[in-house]
Amino acid sequence: MSEATSRQRILSGMQPTDGSLHLGNYIGALRQWVALQDDFEALYFVADLHSVTVKHDPAVLAERTRRTAAQYLAAGVDPAKSILFVQSHVPEHAQLGWLMQCVTGFGEASRMTQFKDKSTKHGSDGTTVGLFSYPSLQAGDICLYDASLVPVGEDQRQHLELTRNLAERMNSRFGAGTVVVPDAHIVKGGAKIMDLTNPTAKMSKSSSGGKGVVWLMEDAKRAVKAIKGAVTDADETFGVRYDVENKPGISNLLVIFSAITGREIDDIAAEYDGRGYGYLKVDLAEAVAEFIRPFQERAEIYLADPAELDRVLVDGAARAREIAAPVLARVYDRFGLLRPASAGGAR
Ligand code: TYM
């Protein structure tokens, strides 16, 4: 076995829905991706097929796909260590996604909370069948590479549980070893970064109309403003401690502070406890600005050379397909699908 294949395989992806990732994406997932690529055989992709399950603008999708990949690179995903690619460049995703749909129950897909939230928002005419079967496509993404670990944020837990159920179902119907049953890798601190203006809701584009979101590719001045405007908790003693229930706003700022600077939460809390919350916010705003400025500079270097970025993605897709094609062939065989003559004919 080569060194590369003897390591456990991990995989994860993000949707290119916006022109920028946000701090939640970075702290909850991207940061872990970078840390894990040294010890695992890692595959990271831009989930463009997932992003078209809701109405999208075709004129900007390609650009956002590149921007998402550039941000992976800016964060430290290294194509020499990880396989970096675009989901739609590997057609096996759609193929295994279809088989996954065919083992997904209507009821279990209906219970996905992200589907329930999004379909409520878009109404029945605006809700596509693709949005409904989105988690099955995600299960296909993971099983296509025999991935055993999936680094994601807390909001993906339910999709990962569904993936495990589908994988186990495949193995019991079509034989042990049809697919690998993966585990979610969800870190303790930072798996759910909250909106700065509404610290009981997850940071996302839809929370508080985007006001409480720190975008990695936006002007650092805006990030500073968002952090200085963060909702804190009513407490005349200006107590600073990690206490999600009673101090959701402060706890969220502490988690962000710790993730960005690498300092321990208790350390930071001790430094600011009893002082005005403004001191904590000003210093955190500065730390975040110091983080995003060079991040943007690195991303812009990749974006300034789209031909080189595309070369990295083409190379990544070729390497991904080398892994995906035999896995898909194995699952097709187990399903009893007739092999094409060019692949050795009937079994
Ligand atoms: P997406 O694009 O919504 O989010 C990308 C990653 O960011 C994490 N995340 C957060 N983490 C902490 N705090 C937050 N506020 C926050 N918001 C988002 C998400 O948990 C995720 O890890 N369905 C996936 C993409 C996908 C995928 C896959 C992931 C498609 N196929 C296969 C893993 C494996 C999604 O929409 O993530």
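Atoms within each ligand, like the ligands themselves, are counted from 1 in listed order. The figures here come from the full heavy-atom set of this structure, side chains too, leaving out hydrogens, waters and symmetry mates.
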**Q** So is Asp155 polar-close to ligand 1, meaning N/O to N/O under 3.5 Å?
**A**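 Indeed, backbone or side chain, Asp155 has an N or O that close.
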**Q** Should the ring pair Tyr72 and Trp33 be called parallel, tilted or perpendicular, given that the plane angle runs from 0 to 90° and is split at 30 and 60?
**A** perpendicular
**Q** In terms of residue, atom name and distance, what is the protein heavy atom nearest to atom 32 (C) of ligand 1?
**A** Gln138 CG, 3.6 Å
**Q** Please list the nearest protein heavy atom to atom 25 (C) of ligand 1 with its residue and the distance rounded to 0.1 Å.
**A**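 For atom 25 (C) of ligand 1, the nearest protein heavy atom is Gly13 O, 3.5 Å.
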**Q** Check Phe45 against ligand 1 and report side chain, backbone, both or neither, counting heavy atoms closer than 4.0 Å.
**A**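 Under 4.0 Å from ligand 1, Phe45 contributes side-chain atoms alone.
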**Q** Can you name the nearest heavy-atom pair linking Ala324 to Glu92, along with the distance?
**A**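 What the structure gives for the nearest pair is CB-CB, 4.1 Å.
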**Q** Check this for me: does any side-chain nitrogen of one of Asp333 and Arg339 sit under 4.0 Å from a carboxylate oxygen of the other?
**A**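 Salt bridge flag = yes for Arg339 with Asp333.
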**Q** Would Asp146 and Arg330 pass as an ion pair if we require N to O under 4.0 Å?
**A**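 Arg330 and Asp146: salt-bridged.
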**Q** Which option, Lys202, Gln87, His50, owns the non-hydrogen atom nearest atom 30 (C) of ligand 1?
**A**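 Going through Lys202, Gln87, His50 one by one, His50 has the nearest heavy atom to atom 30 (C) of ligand 1.
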**Q** Can an N or O of Pro151 be found at a distance shorter than 3.5 Å from an N or O of ligand 1?
**A**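 In this structure, Pro151 places no N or O atom under 3.5 Å from an N or O of ligand 1.
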**Q** State the atoms of ligand 1, each with its element, that fall below the 4.0 Å cut-off from a heavy-atom position in Lys192.
**A** 12 (C), 13 (N)
**Q** Could an N or O of ligand 1 be found under 3.5 Å from any N or O of Gln15, whether backbone or side chain?
**A** yes
**Q** With a heavy-atom distance limit of 4.0 Å, tell me whether His22 approaches ligand 1 through its side chain, its backbone, both, or neither.
**A** side chain
**Q** How about His185 and Phe40: are their ring centroids closer than 6.0 Å?
**A** no
**Q** Could you tell me whether Arg311 and Asp315 have a side-chain N and a carboxylate O separated by less than 4.0 Å?
**A** no
**Q** Classify the ring geometry between Phe295 and Tyr26 as parallel (under 30°), tilted (30 to 60°) or perpendicular (over 60°).
**A** perpendicular
**Q** Can you find a non-hydrogen atom of Gly190 under 4.0 Å from ligand 1?
**A**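 It does, in that a heavy atom of Gly190 comes within the 4.0 Å cut-off of ligand 1.
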**Q** Starting from atom 22 (O) of ligand 1, what is the nearest protein heavy atom, named by residue and atom, and what distance separates them?
**A**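 Protein heavy atom at minimum distance: Gly153 N, 3.1 Å.
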**Q** Check each heavy atom of Ile142 against ligand 1 and say whether those closer than 4.0 Å belong to the side chain, the backbone, both or neither.
**A** side chain
**Q** Using 30° and 60° as the class boundaries, would you call the ring planes of His22 and Trp215 parallel, tilted or perpendicular?
**A**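 Rings of His22 and Trp215: perpendicular, over 60°.
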**Q** Give me the atom names and distance for the closest heavy-atom approach of Thr127 to Leu131.
**A** CG2-CD2, 3.9 Å
**Q** Can you tell me which residue and heavy atom of the protein come closest to atom 11 (N) of ligand 1, and the distance to 0.1 Å?
**A** Gly24 O, 3.1 Å
**Q** Which heavy atom of the protein is the closest neighbour of atom 15 (N) of ligand 1, given with residue, atom name and distance?
**A** Ile193 O, 2.9 Å
**Q** Given Leu23, Leu49, Leu160, Val150, which one has a non-hydrogen atom that is nearest to atom 34 (C) of ligand 1?
**A**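 Shortest heavy-atom distance from atom 34 (C) of ligand 1: Val150.
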**Q** Within a distance under 4.0 Å of any heavy atom of Met203, pick out the atoms of ligand 1 and give their elements.
**A**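 Ligand 1 atoms under the 4.0 Å threshold to Met203: 15 (N), 17 (N).
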**Q** Which heavy atom of the protein is the closest neighbour of atom 5 (C) of ligand 1, given with residue, atom name and distance?
**A**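 For atom 5 (C) of ligand 1, the nearest protein heavy atom comes out as Met14 CG, 3.4 Å.
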**Q** Judged by non-hydrogen atoms, does Ala191 sit under 4.0 Å from ligand 1?
**A** yes
**Q** Does a salt bridge link Glu218 with Lys225, judged by any charged N lying under 4.0 Å from a carboxylate O?
**A**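 Lys225 and Glu218: not salt-bridged.
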**Q** Kindly say whether the aromatic ring centers of Tyr272 and Tyr279 come within a distance under 6.0 Å.
**A**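 No - the distance between ring centres of Tyr272 and Tyr279 does not fall below the 6.0 Å cut-off.
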**Q** I'd like the name of whichever of Thr17, Asp141, Asn25, Ile27 reaches closest to atom 8 (C) of ligand 1 through any heavy atom.
**A**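 Of the listed residues, Asn25 has the closest heavy atom.
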